[in-house]
Each structure stands twice: as structure tokens, then as C-alpha cells.
Amino acid sequence: MTQDFDLKKIEEHWVNKWRDDEVFKAKPDKRKKFYLTVAYPYPSGSMHVGHGRTYTVPDVIARFKRMQGYNVLFPMAWHVTGSPVLGIAERIKKKDAKALKLYGELYKVPQKILDTFTKPENIVKYFSEEYKKNMTLMGYSIDWDREFLTTTPQYSRFIEWQYHTLHKKDLIRKGEHPVRYCPRCDNPVGDHDLLEGENATINEFTIIKFMCDDIVLPAATLRPETIFGVTNMWLNSDIDYVKTKVEDETWLLSKEAAEKLKNAGKRVEVIGVIKGKEFIGKSCTSPFNDTVPILPAPFVDPDYATGVVMSVPAHAPYDYIALRDMESDIKPISIIKTSEGGNIPAKDIIEDLKIINQKDKKLEEATETLYRIEHAKGVMKETIKDYGGMLVREVKEELTQKLIKEGKGTIFYEFSQKPVVCRCGTKCFIKLLKDQWFLEYSNPDWKKKAHQSINEMNIIPEETKQNFSYFIDWLKDWACTRRVGLGTKLPWDEDWLIEPLSDSTIYMSYYTISPQLKDINPEKLKPGFFDYILLGKGNIQDVADTCKIDPEKLQKIQDEFRYWYPSEWRLSAKDLVGNHLTFHVFHHTAIFPEKYWPKGIVVFGMGLSEGEKMSSSKGNIILLSDVIERYGSDAVRLFLMGNAEPWQDFDWRETLIKNTSKKLKQFHNQINYAFNLENDISLRDIDRWMMSRIEESIKDTVEALDRFQTRKALQSAFFNLLNDLLWYKRRCKPNSKITKDLADKWVRLMAPFTPFICEQLWSQIPGKNSIVSLASYPLPDLEKINPVTIQKEQTLKGILRDIQNILDVTCVKPNKIHLYPAPEWKRKLFNLLKEGKTINDAMKDTQIRANGKIAANIIKKTIKEEIPEIVLTLDEEYTALSNAKEFLKKEFKSDIIIHKTPGYDPENKEKNAKPMKPGIYIED
RNA sequence: GCGGGGGUACCCUAGCUGGCCAAAGGGGCAGGACUUAAGAUCCUGUGGUGUAGACCUUCGAGGGUUCGAAUCCCUUCCCCCGCACCA
């Protein structure tokens, strides 16, 4: 056994060894299988410690299960479909300073390679290699034979098959859909493509058509139900409006609005300019035949919705105060009641907030609050025709539908915040994409199956189940195609690409067959192939004929799928619960029979750095490659697994990780010590205690790992055992039989967490010729857990604390320490109390009755729950103390006198004694 | 707003099917042992008081249930995450 501790060399050696011996290759065999997958990375940047955690957790579990004798499949692939890299390439091409800084400095891409990043393919290629390198360095036990890119032709065939299947089941339909759109890039833009306005959402306004002679005044509102309380119309008298032909009608619109309507896909033609002024004093008629005057309103923003606003002073604070400021005699018409009371809600809230005039900033708050209350709790007043008594929420929905149906209204999309600016610097607008394909997640039958799947599934942490349930109900139809990006073409409509979240729903099944497909010409992978392999449909010979694939090979592929599927666990970060993971459930229920539905999901927390969220904009990203270099993979793994449970957010702290390195070295030293020790001590109580603790730790570790509790597992597998060993060494001259047993088990116990150092240590234990990654994981030997021994040791620790406490308070230097273990009757009393016996019951015992007064006192002070499981007998406690006499002597540098029967006791300390808490008298 | 998760000592966190909880573990800090010294390692302490192993006050705030609450109930304040067509 060598003492060297060259982590770099050790890690390099074992990475090579594992690879050369093909240790992690997963092939079907007679063993029970265990399949876990984790979301494949989108390699558009360098791997940071957050990713490190995400992929270390499944590796620890994979290693644990493998050592338990399971045939483990842990695969990895690269998600390269989508559009973000296109944007990145574009920015690099334009020498965008931010992008260059991010990739050059933060992600440390060498300049030479950075220069090639003008092509998106080069970006994903570089970073997927980067990821793979780091994953290998981290010691992940991945079967790399199954690796693929989502642009791999065979994979595309698989996606096509999936979409064919869904299409056939009528779960995909055509529709239209509003998106943020950049006119210059000619593309929809996502959050990360934005320079400004990331938080802007798309609001759905209802346009209500008021008629003024033959011109439509399209009033845009978020609250169509207030149409019944409209008292007047607002037009900005200071601006020019445009007379516009919209489809077959003539509308009055602000210039901006006309443009937006055109973008939204309406046929729009401007035919003239009209000043707002010209309409002032006229009146117009609502779809419900109410005629109201048109009033001037300089506050109407032409760039907000249509520039035409209906006024509902009873429910809109802006309208109320505008009318008041102009001293109009128009009376508000209240149409909604809430429990809050008040007749004119807008007036009430204005008075509550002490709003003085239209300029007041608090108006916004007032509007929002009132909107919220009325939307949540409002009911239409009984006097309203057709809608009286209905909830505002419902009326809104129904009324809009009705107006649209009757041609008296339409929908208008507007950003909730402005401006919204694309990374290229261009102002975005909302475009209505037509002919878009949707996955019909709104389908009630589909939702039902998804719910069923979730209900039957193991989900960690358990609370997330509710989350899933919520998302399943909340999910509407999902636009599953894009015009641009990398990806698979929609097979029946090749102008569209399948969107990246939609092509990643059942790919876990692809891993099971991926290596087999590598040498098959993708042309041959017709839908019938996947039907046969994954669904067992069709006749093998027919499939072999149409696809021109050897039937034997087909059978082998199908067997392999059937061996591995379904996955025991799917792991992913919590921000994907609402989309990816839920899609994953949806698609499995649609495509596969129930026996192939996923069996479990684990949801991860996020990564922080020194207490702050890691983000490229903050620049506080900790690269995995950097910390591997600095501390070594084992230390990084140990830290990531021990800092928090997987579903909690973890915090990367430099001071803590430094300490982890120390701990690792300590582990190394202790193991060395433990199995190099040689002596011939026969088994003592203290050895049995150490043995018990080893087995307890194993038990706790296995239980925790079965629940993905890596932190808890490490608590027992590492910290508890370490502390116990230290205590053992302090307490006695360790028994080498025990320490060797400990070393042997401890190394295996820790192997899933810190595989490199464990391999190294394992290889140095005489007689171990296999590698620890394939050794058996310790099973707890419950027989060896001896509760009495544990209780004895706990008693001793208690005494140690008590003596220390007394010494601290009294500041005496002990010369003699007397210990008085409690007499047998007190133990009897404890046992009776533990059984729930009353005072009367206890007093039936003659011994106890003889000490009635003290006994009653003890009964009063002692609560059943405080009594430990095991109450030592006087003999047991006396032996324990006697055995520890030399130890106590050494600890306190004092004589120790143990009184089994009453003897020298000048301060009558004996009476204080309780079972496992002897009386103590200290002489100086 | 809706949905989910949280607020525990100097810091991070465990506990939260009520009583062995002044509250595990880790970090930091302080003291001690070892050492020529430093480092490493080990031990002790780390809410307050106390010349005897105790007592008092604490688990965001307020109230309640109970013989007893960090744990259960109500109210309230604060923090984090998601709310979409994007990975």
C-alpha cells in the first residue's frame, strides 16, 4: 500500500482502465435490469457545476445499483435541435461584444475555435465534445456506445415515426398561434433572443366593434364584460387616426394599430387619415345597441392596442378620474358586484388610495387591484340581460366568443410591456402564425391518461406530483413545429421542423436500440420498423422484407428494447416539470402500452454560486473543468452530492469545497490506517460497538440511496462512519480485525460517490482482484447491530459530557471521580414507565414501594418518551463502566471509582443516579 | 394573480407522523493537545446564567389547540421557482 495521493494520476488511470475494460457497457443478460436516464444536454455553452450535479446524481445511483448486482443502463446523447445556436452563430459572426466575451472569457473557448462558431454545427460539436470530456473526467459510468446527436439521421427516422403515430391517433392538428416576431430576422423570438422586454407577455385584448355612422370604432379591452357599464368612448383628440379597410369593414385605428393588425395576419389597407378631433361630440353604438358619446382623451396612447378605448367609469379608475377631471356629468354604471361592497368600485378604490388626479402613479395600482378582485370574485349584477348572476370570469370567456361569432368583435394581441426588442436591435411585433401544427394536449382523454400515468408513478420529491397534476390540466395545445433551426422535418408537411421540446419526449426508448441502428442505412428505417420494434406491430418477415433488414437482427433489436424498457427513473431539473417532463408523460401514454410507461421521475433543484443564482449575465458561472482541475473529480462529486439533496438548490461555495478535499484525504488516510493495522486483540464490547455502527451506517446509506437522498446517504456513509472511527480510536486500541472489516466495507460504501479514490484504495487491499465499480455493495448485517452495546456506548458518552460539564462549572481539577450507577429498582421503574404503567401499578412492586418518595419524584419528572428503547441492567451498566475505566482515567487524568453498591458518598450523589446516568461525585 | 417550495442558532442545513430537542451534521470562530514552529490531525467550546451534571430564553411575527409545539390549526409578513411555444 502506497501513501501517495496524486489525484490527477489516480483519476487518469481509472478513467482509462474503465474505458479499456468496457466496464460500463450495458448488454442485456440474465440479471435484473435498471434503467435510468437524465435529460440530455443542449450543448450551447460550457458545462458548469450545476450541470455537474445534474449528471453526478444519476451516476451515483447507477454505480450503486450496478454494485447491487443490477444490469444498469445509463446512456447519454446530445440535444442539438432547436434555434438558440443559430442566434449565437449570428452574434459571433457579427462580432457582438457580449457574445464574444461570454464564449471567449467565461466559457474559455480558444480563439481559433471561436472563429469557427459562425456555423451553428461547429458550436454544438465543440460543446458536446467538451461535455463528453468532462463527463468522462468526472467518472460517469455512461455507456457511450449509445451516444447520438438529435440530428443523427436514424434518430430523425425515429422522430418521424413518432409523429406519424401521433398524427394517426389524431393528436396533432393545424391551427394559428400568436408569437413575438422580429421583422429583421424574419423569425419568432424567444426570451433569450431579446435585448429588452424579456418579461413581456402577449395579452389577448377583445376588440368590441362600436359603430359611428358606417365606421367601426374598435375598442380594445382586457375586460369585455364591462361592456354593459360603458358610458362613453375615448379618442385622442390630438393625434391623427387612419381610416382603414380591415377585411370588408372600415375601421378607425391609430397608425400603430393598423400596422399591428396587418402583422397579426388581417387584411389591412389604409385609405385615409382622420383627426381624432373630428369625432369628438359625435356618438357611437355598442353591439348591444347602447348609444354613447365620444369624448376627447389626450391620455389615450396610440401605441397601446387600437388607440380606441371604451370608458367604464364604474370599474376602471382611469375612466372614472378622467371624467371627474373634466367635470363631466356622466354617471358611472356599476354592473359587477363583489363581496367588498361599494356601489362604484372605481370611485372607492380611488378614494382609498387617495388618488388626486389622472397624473397619479397610483392609478396603475388601483386598476390592477380592482381588475384582480373583480376577475377573481366578481359576479354580474342581476339586472344584466343574459349574464346576470354569472361569474365575471365566465362571462368574459363567453361574451368574447359570442361577439366573435356574430362578427361584432375579434381578438387583438398586444405586449404587456414595451418595448420588446430583438437582440439584433429591431423592435418586435406580434405575428399570428398560420398553418401551425399543434400537439393536442387539450384533449381530455389524453389528459386523463397522463393523470393516470402520474398517479401510478414514483415521483421524487413526492410533492412534485401535485405540480405535475396541475401542469397536465393547465397545458393547452402546443405548437410543435418551427420554420427555422436544426431538427427533423415534419414528415407530411416538410416546410415545418419539429420543435426541440417536442422531439425529446420518448427518446429514452431510442437509447435502448441506438447502438444497433448505427450501421443500418437510415433509408431502411421506415415507420414499420419502429412499429415492430417498439410496439410489436406487424409480422417480422413482412417488416424484414419492406425494410430489407435481416429478421434475426430485427429480433435482436426488439429483444433489447423489451429488455430495457421502460425506464426506472427519469431525471431532470425542476424548471422542466411544466414542459419537458409533462410532455414525456403525455407522449408515453399516447404511444406506448401501459407496461412501457415511465416508472419514476426525479426532479432536481438548481445551482447557486456563493448564494447567488448562476447565470451567464452575472458572469458567476463556475466551470466544471476548472474545479476538476483545481480539486479533482472525487472532491467535486463528494461536494455536489453532500451539499444538498438532489431536489434542493445547492450552493457552490469555495471555502466548503476546499474543505471537502481535506475530508477526502482524511478518508484516504483512515482507510490506509484501518487495513494496515495488525494485531491480535480478541473481540471486546467496544469492537462490537464499532461493528454495530458499521452495519447501521450501511443500512442507513442503502435506504437513503434507494430514495435518491445522496446527502443523507453521505451523512452516514461518510461523516458518521468517520466520526465513529475517530471515537473508536480514541476509546481503545483498535482491533485490526474490525478495522480491516471497516476498510473493506467503507471503500465499497463510498465507491459510488468517490469512485476514483475508492478504486485506488480497493486495488491496494490484498486479495481484491476485481475493481470496486463491479464489487458488491455492502448489505447491512442486521444481526451484527447490537442495541445493548450501542446503548452502553451512548451511556458512556453521556457520562463524559456530564463530567466535563461539572468540571467546566466548578473549575476543579479532579483527583478522584466516583460513579454511582442507579440501583436495580430504578431500572425496573423505568421499564414499567416505558410500558405505560401508572404510579399505582409501579407501587405494587415492593422494591419500588420501599423507595416510594424518590420513586414518585422520578415518575413525576420522567416522561415515557424520554426513556430510551433499551434500559441497561445494573450489571450491564457496571460492566460498561468498568470496561471504560482506563479510558475515563486517561481522559480526565483522574482516578475513577465505580460503586456498584452504596459506599463512600459524602454528598449523597447516589440518589441523583438514573439508569444510564450514574451519580457523579468529583473530589479535587 | 395562479401553482409549487421555503423561512431553524454566526453561516449552510437536519428535524416538522407533537414529548429522549438548547435542537444532528458541515462550515466559520475561540481555546486546548501534538509539534522547535507552521501546517495537518485530534479534543473542547460556540443563546444566556450557574462553584455539580441544572435552570431560563429561543426555531420569521402574532394568536390558538395541548399536561407538553420548531413540529398541529388560524392569521400575517418575507424569500425562491414556474406561468409556455423556449432550451
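Protein chains get the first letters and strands the later ones, always in sequence-line order, with residue 1 at the start of each.
Base pairing of B/A87 is not made with any nucleotide, judged by Watson-Crick or G-U wobble geometry with both donor-acceptor distances under 3.5 Å. As the counterpart of B/U17, no nucleotide is assigned, since no Watson-Crick or G-U wobble pattern has both distances under 3.5 Å. B/G47 and B/C56 make up a base pair, with Watson-Crick or G-U wobble contacts both under 3.5 Å. Nucleotide B/G3 has B/C81 as its partner under the Watson-Crick or G-U criteria, with both atom distances under 3.5 Å. Pairing for B/A9 is absent, judged as Watson-Crick or G-U wobble with the two contacts each under 3.5 Å. The partner of B/G68, taking Watson-Crick or G-U wobble pairs whose two distances both stay under 3.5 Å, does not exist in any strand shown.
In this entry the distance linking CG of A/Leu656 with C1' of B/G25 reads 13 Å, nearest Å. Rounding to whole angstrom units, NZ of residue A/Lys663 and C1' of B/A40 are separated by 13 Å. Atom pair A/Phe583:CZ and B/A87:C1' shows a separation of 12 Å (rounding to whole Å applied). One atom, CG of A/Leu714, and another, P of B/G26, lie 13 Å apart when rounded to the nearest Å. The CZ-P distance, from A/Phe639 to B/G27, rounds to 12 Å in whole Å. Rounded to whole Å, atom C1' of B/C81 lies 13 Å from atom OH of A/Tyr470. In this structure, CD of A/Glu440 is placed 16 Å from C1' of B/C85, rounded to the nearest angstrom. Here B/C43 presents its C1' atom at 10 Å from CG of A/Leu800, a figure rounded to the nearest Å.
Contact of the A/Ile454 side chain with the A/Lys465 side chain is registered, since non-hydrogen atoms from C-beta on lie closer than 4.5 Å. Two residues are said to be in side-chain contact when any heavy atoms from C-beta on lie closer than 4.5 Å; A/Met916 and A/Pro868 meet this criterion.
Using a 4.0 Å heavy-atom criterion, one finds that A/Trp647 contacts no nucleic acid atom at all. Heavy atoms of A/Leu576 sit under 4.0 angstrom from at least one base atom. At the heavy-atom level, A/Lys476 lies under 4.0 Å from base atoms of the strands shown. Residue A/Leu501 is in base contact, counting any heavy-atom pair closer than 4.0 Å across all strands shown. Using a 4.0 Å heavy-atom cutoff across all strands shown, A/Pro43 reaches no nucleic acid atom at all. Within 4.0 Å (heavy atoms only), A/Pro868 reaches at least one base atom of the nucleic acid. Residue A/Glu463 is classed as a sugar-phosphate contact, given heavy-atom separations below 4.0 Å to backbone atoms only. Contacts of A/Gln648 with the nucleic acid, taken as non-hydrogen atoms under 4.0 Å apart, involve only primed sugar atoms and P, OP1 or OP2.
For the C1' atom pair drawn from B/C74 and B/C81, the interatomic distance equals 27 Å after rounding to whole Å. Look at the P atom in both B/G27 and B/C43: the space between them is 12 Å, to the nearest Å. Comparing B/C56 with B/C2, their P atoms are spaced 44 Å from each other, to the whole Å. Rounded to whole Å, the P atom of B/G39 lies 34 Å from the corresponding atom of B/G50. Nucleotides B/U13 and B/G18 have their C1' atoms positioned 22 Å apart, rounded to a whole Å. The P atoms of B/C55 and B/G4 are separated by 43 Å, rounded to the nearest whole Å. Here, B/U76 and B/G3 have their P atoms 15 Å apart, quoted to the whole Å. Comparing B/G47 with B/G25, their P atoms are spaced 13 Å from each other, to the whole Å.
For A/Asn912 against B/G53, a side-chain N or O and a base N or O form a donor-acceptor pair under 3.5 Å. For a distance-only test at 3.5 Å, the side chain of A/Asp802 qualifies as a donor-acceptor partner of the base of B/G53.
Checked against a 6.0 Å centroid threshold, the rings of A/Phe583 and A/Trp478 count as neighbours. Taking the six-membered ring for Trp and the full ring otherwise, the centers of A/Tyr631 and A/Phe639 sit at least 6.0 Å from each other. For A/Phe753 and A/Phe718, the ring centers are positioned 6.0 Å apart or more.
For the atom pair CG of A/Asp924 and OG of A/Ser894, the computed distance is 10.5 Å after rounding to the nearest 0.5 Å. Rounded to the nearest 0.5 angstrom, A/Ser661 OG and A/Leu7 CG are separated by 7.5 Å.
A salt bridge between A/Asp649 and A/Lys574 is present, with a side-chain N of the basic residue lying under 4.0 Å from a carboxylate O of the acidic one.
Between A/Ser502 and B/C85 there is no side-chain N or O to OP1 or OP2 distance below 4.0 Å. Between A/Lys917 and B/A54, a side-chain N or O to OP1/OP2 separation shorter than 4.0 Å is present. Applying the 4.0 Å criterion to OP1 and OP2 of B/C85, one finds that A/Arg180 has a side-chain N or O inside that range.
Across B/C81, B/C42, B/A84, the shortest atom-to-atom separation from the side chain of A/Lys613 is found for B/C81. If you check B/U44, B/A87, B/C85 against the side chain of A/Gln804, the one that comes closest is B/U44. Taking every side-chain heavy atom of A/Gln666 into account, B/U41 is the closest of B/U41, B/A87, B/A84. Of the candidate nucleotides B/A87, B/C86, B/G27, B/C86 has the atom nearest to the side chain of A/Trp478.
Judged as a salt bridge (charged side-chain N to carboxylate O under 4.0 Å, His left out), and not counting sequence neighbours, A/Lys662 has no contacts.
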Using atom names, set out every protein N or O paired with an N or O of nucleotides 8-10 of chain B below 3.5 Å, distance rounded to 0.1 Å.
none

Dump the pairs, protein N or O against N or O of nucleotides 22-24 of chain B, anything under 3.5 Å, distances to one decimal.
none

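Between the side chains of A/Glu793 and A/Trp727, at least one donor N or O lies within less than 3.5 Å of an accepting N or O.
Residue whose closest nucleotide on RNA chain B sits further toward the 5' end, between A/His580 and A/Lys574: A/Lys574. Toward the 5′ end of RNA chain B lies the nearest nucleotide of A/Thr464, the other residue of the pair A/Thr810 and A/Thr464 mapping further downstream.
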**Prompt:** Going through the distances and angles, do A/His48 and A/Met614 end up as a side-chain contact (heavy atoms from CB on, under 4.5 Å)?
**Reply:** CA-CA 9 Å; A/His48 59 66; A/Met614 252 190 279; 4.0 Å; yes
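Between the A/Thr505 side chain and the A/Leu501 main chain, no donor and acceptor come within less than 3.5 Å of each other.
Taking the six-membered ring where tryptophan is involved, the planes of A/Trp474 and A/Phe471 are perpendicular, since the angle between them exceeds 60° and thus also 30°.
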